[in-house]
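One-based numbering, in listed order, for ligands and for the atoms of each.
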Amino acid sequence: MNDIYLYNTLSRKKEKFIPIEEGKAGMYCCGPTVYNYAHIGNLRAYFFEDILKRILLYNGLQVKHVMNITDVGHLVSDADEGEDKMEKGARREGKTVWQIAEYFADEFMKDIKLLNILPPTLWCKATEHIEEQIKLIKCLEEKGFTYVTSDGVYYDTSKFRNYGELGRIDIEGLEEGKRISFSEEKRNKTDFSLWKFSPANRKRQMEWDSPWGKGFPGWHLECSAMSMKYLGDNFDIHCGGVDHIPVHHTNEIAQSEACTGRKFVNYWLHCEFLLEDKGKMSKSAGEFLKLKSLLDHGYSPLDFRYFLMMTHYRKKIMFSFDALDSARNGYRNLREKISEIKSKVTEKDIINDTNIRFFGRKFTDCINDDLNITEAVAVLWETIKDTNLNASEKLNLLTDFDKVLGLEFNTIPAGEVEYEIPDEIKLLAEKRKIAKSEKNYVRADELRRLINGKGYEIMDTKTGYEIKKIRNSI
Ligand code: AMP
Ligand code: ZN
């Protein structure tokens, strides 16, 4: 196996990846809370996890990838306060929480399929693992990490040595009422609920019996319980977005390690945020961009995938339609080049292993250096433009690279250029048609030249005309 280096949030360093079991990798990714569609920021996180998984696979590892579906309502704030997200979502849609959970989980799966994100080896739902979660609370209770208040069972973070290590949390410096508000009964500002009691005067749509009373689990609990169930007490990789570092993942570590007495996860990986110019993407703010919004604007899911590749996962992305446009052009251009390469492949091509190894090595060096996919795309272009490689060698390499990139090069037909005619060109073509119908041939010719100058040609047909892009050779 080639060496793979990953930036571990826990050590704040790039570390060589050494799997617990040789040749295998266990990976847990926090999945969606299914009370609404995923926004394009969430999708960045799943894309990053997909690239990570594909890189592990590319290096010959057998990957067990587990993703949860948070279908239990948890509360809007990290401080265990506010409204239940699922119940709020259900009210908005006029459905039950169970119905919206199913609907949005389905929509999520459709989104990731469109983005060519490989499905996890195993999906697990929080509502189907209540027993495991109760068992974990019991374990923590036996070891003295819990206390009961009037609204639930809480985790006493002061009892856990190294609490907040992952996020380098300055416990003393936490401002009350800011990120973590402080209820009278909580012993420490960072304490969090393991089990919340149902309100005495109201039946919740989702609630379960427990040794402490009817209620529902705290939202950090499911990931500890399910990841350990499927991957073991100590496993290789856990990922998510950076927002999960200070609270969710910090609390997962506290819960799991307090119960098992072992290190929970060896490598923590987090992707930075995708932001809109107006700031953080937020579902609670109402309108937000989802994959469907991009498709409605005429972009393909893979235009967005290519767009996400333009930035390293540990850097913020400022989303704009202009930036998406340039990624779309880049991706179209790429497809055209690949189409041309495919049309040039002949049986006479001799595959030179040294050539293949040289470019293959370059590509692997990028991806194995903490997922440097941006540089890997540069190597892809270098391969395409290389003047020594023949078409078969190029195709061989590109097909191999696509195992990591997931840009569906296999769907590109040979020699058939795929593109969309820009609106501006369509308009000029229409104007030319009108000029012709008015027998203004001088104007019609002028328009034809203008269209040619912009890289398109127009051909008259029996029924009207056809526009084609003028192809450049590689
Ligand atoms: P959630 O459904 O809020 O739990 O988020 C699902 C995943 O998306 C988690 O890994 C989050 O850390 C991640 N995430 C949330 N917002 C963004 C964003 N704007 N950019 C990138 N990742 C995000
Ligand atoms: Zn989680």
In Arg314, Lys14, Lys315, the residue satisfying salt bridge (Lys or Arg N to Asp or Glu O under 4.0 Å) with Asp370 is Arg314
Do the rings of His244 and His249 sit parallel, tilted or perpendicular, given the 30° and 60° boundaries? perpendicular
Parallel, tilted or perpendicular: which one describes the rings of Phe319 and Phe321, with boundaries at 30° and 60°? perpendicular
Under 4.0 Å from ligand 1, counting heavy atoms only, is it the side chain of Asn42, its backbone, both or neither? both
Aromatic ring centroids of Phe104 and Tyr35 under 6.0 Å? no
What pairs of donor and acceptor atoms, side-chain ones from residues 105-116 against any protein atom, are under 3.5 angstrom apart with sequence neighbours left out?
residue, atom, partner, partner atom, Å
Glu107, OE2, Lys110, NZ, 3.0
Asn116, ND2, Gly406, O, 2.9

Please verify whether a non-hydrogen atom of His248 lies at under 4.0 Å from ligand 1. no
Which of these, Val404, Ile237, Val63, sits in a side chain to side chain contact (heavy atoms under 4.5 Å, CB included) with Lys53? Val63
Just heavy atoms, cut-off under 4.0 Å: does Glu272 contact ligand 1 by side chain, backbone, both, or neither? backbone
Counting from 1, what ligand 1 atoms have a heavy atom of Ala45 closer than 4.0 Å? 8 (O), 10 (O), 13 (C), 22 (N)
State the count of protein N/O/S atoms located less than 2.8 Å away from the Zn ion (ligand 2). 3
Within ligand 1, which atoms have a heavy atom of Gly41 less than 4.0 Å away? 17 (C), 18 (C), 19 (N), 20 (N), 21 (C), 22 (N), 23 (C)
Considering residues at least two apart in sequence or located in another chain, which fulfil the side chain to side chain contact (heavy atoms under 4.5 Å, CB included) criterion with Lys316? Glu272, Leu275
Residue pairs passing the disulfide bond (SG atoms under 2.5 Å apart) test where at least one lies in residues 131-165, sequence neighbours excluded: Cys139-Cys259
Would you check if the distance from the ring center of His220 to the ring center of Phe192 is below 6.0 Å? yes
Report yes if Cys271 has an N/O atom closer than 3.5 Å to an N/O atom of ligand 1; otherwise report no. no
